[in-house]
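Read through the structure below, which is laid out as structure tokens, and then see the notes.
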Protein chains: 2
Amino acid sequence: MDSIVQILKQNNLSVTEGRRKILSLFLNSNGALAHADIEKNTHSHFDRVTVYRTLQSFVDKGIIHTIPTSDNSIKYALCKDECGEGHHHDHHVHLVCTRCGNTFCLDNVVTPTVKLPRDYTIQQVEVVVKGICKACNNQ
Amino acid sequence: MDSIVQILKQNNLSVTEGRRKILSLFLNSNGALAHADIEKNTHSHFDRVTVYRTLQSFVDKGIIHTIPTSDNSIKYALCKDECGEGHHHDHHVHLVCTRCGNTFCLDNVVTPTVKLPRDYTIQQVEVVVKGICKACNNQ
DNA sequence: AAATATTTGCAACAATGTTTCTTTTTTTAT
DNA sequence: ATAAAAAAAGAAACATTGTTGCAAATATTT
Ligand SMILES: [Mn+2]
Ligand SMILES: [Mn+2]
Ligand SMILES: [Zn+2]
Ligand SMILES: [Zn+2]
């Protein structure tokens, strides 16, 4: 069976053209995608609302995760860790390349531990590095 | 001289009612502010465009900095480090309280060092912690 | 194949952000 | 203090982004 269909079924999502296509975009992209990237790559074949809903359901199911940015543009990327419905466990660092503008999950770079004063409780640590990506550095 | 006026003059910004009021909001707030918070606190006394432009000029001058979020909502907070026109040097951790929803600069918590593979270049590291803030923990 | 459940697209709306231009305010020079 | 120059604010129009309710279409279950 198609691995895309498999992922959708495993997550109790009914298999529709939009979900198949959008999931395949993530599987075939090495960087993170914004809503606009998806609209563009699908040539607006799907309604904007459908794209929003699809992204949201993928996040809910733990198939993709969001990446924080400083400029009001959510980026989404495939979860490669043990994420599932209702719980994300993405403990890796993200890189925003200031040259090509792409955002990447550095799956092998774990988030450093942060020590806060006693009064605070840590639930999750997000690390976003601005810098130059591999591809841009090698040219 | 009023310290607010002083800050504006030091940064070569002409002193206007809007800038004075918005800067004082930041000086009197212990957390970060979103555009909407400012609109609300000024009772929409200033045009929305003016608020956008004021925030942008403050960021440009290094008076305030933006804080990345995962939900498409830019937060702004006073720069307490050595920031200036064209260069921000905010090396502290940010905390988003999942109970009260506020965002705080933890000025005393320096961002941990991150080690990336040789192919990458680091320019800036942003750390956002989700958790419970001091005030919420002590009640 | 029919019944049921789910998803989609559409429309209308709300919120957020940008651009251009005129008026007003602030700053500088006299 | 006044006039000239510079800068900022406000208004309007528009663009982009995100949300909600509902009927039609599609997918899943029986
Ligand atoms: Mn990631
Ligand atoms: Mn800060
Ligand atoms: Zn790059
Ligand atoms: Zn709190």
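Excluded from the calculations below are hydrogen atoms, water molecules and symmetry mates; all remaining heavy atoms, backbone and side chain alike, are included. Residue numbers begin at 1 in each chain, while the letters A, B, ... track the order of the sequences.
Atoms CG (B/D71) and P (D/dT19) sit 10 Å apart, rounded to a whole Å. Across the protein-nucleic acid pair, A/L55 atom CG and D/dT17 atom P stand 14 Å apart, rounded to whole Å. Regarding B/H35, its NE2 atom lies at a distance of 16 Å from the C1' atom of D/dG18, rounded to whole Å. Rounded to an integer number of Å, the gap from CZ of A/R53 to P of D/dA25 is 16 Å. In this structure, CD1 of A/I74 is placed 6 Å from P of D/dG18, rounded to the nearest angstrom. The interatomic distance linking A/D47 (CG) with D/dG18 (P) rounds to 14 Å, in whole Å. The interatomic distance linking B/F46 (CZ) with D/dA11 (C1') rounds to 16 Å, in whole Å. In this entry the distance linking CD of B/Q56 with P of D/dA8 reads 13 Å, nearest Å.
Axis angle across the helix from C/dA1-D/dT30 to C/dT30-D/dA1, with five pairs used at each end and values rounded to 10°: 40°.
Considering only residues two or more places apart in sequence or on other chains, A/K61 meets the salt bridge (Lys or Arg N to Asp or Glu O under 4.0 Å) condition with A/E85.
Contacts between chain A and DNA chain C, taken as any atom within less than 4.0 angstrom of a protein heavy atom, begin and end at C/dT6 to C/dG17.
Proximity of a side-chain donor or acceptor of A/N102 to a complementary backbone N or O of A/G31 within less than 3.5 Å is not detected. In this structure, A/H65 contributes its side chain and A/D90 its backbone to no donor-acceptor pair below 3.5 Å. B/S29 places no side-chain N or O within 3.5 Å of a backbone atom of B/F26 that could act as its donor or acceptor partner.
If B/A36 and B/E17 are placed on DNA chain C by their nearest nucleotide, the residue sitting closer to the 5' end is B/A36. Residues A/G18 and B/R48 each lie close to DNA chain C; by heavy-atom proximity, the contact nearer the 5' end of the strand is made by A/G18.
In this structure, CZ in B/F46 is found 11.0 Å from CD in B/E39, a value given to the nearest 0.5 Å. Between the NE2 atom of B/H92 and the CG atom of B/D107 there is a distance of 5.0 Å, given to the nearest 0.5 Å. Interatomic distance, CD of A/Q10 versus CG of A/N12, reported as 10.0 Å (0.5 Å rounding).
Contact annotation for A/R19: backbone-only contact, meaning every heavy-atom pair under 4.0 Å involves sugar-phosphate atoms and none involves a base.
Ring to ring, B/H94 and B/F104 are not that close: their centroids are 6.0 angstrom or more apart.
Taking only side-chain atoms of B/S14, from C-beta outward, the nucleotide of D/dT28, D/dA7, D/dG18 with the closest atom is D/dA7.
Between A/I132 and A/C97 the shortest heavy-atom distance is CA-SG, 4.0 Å.
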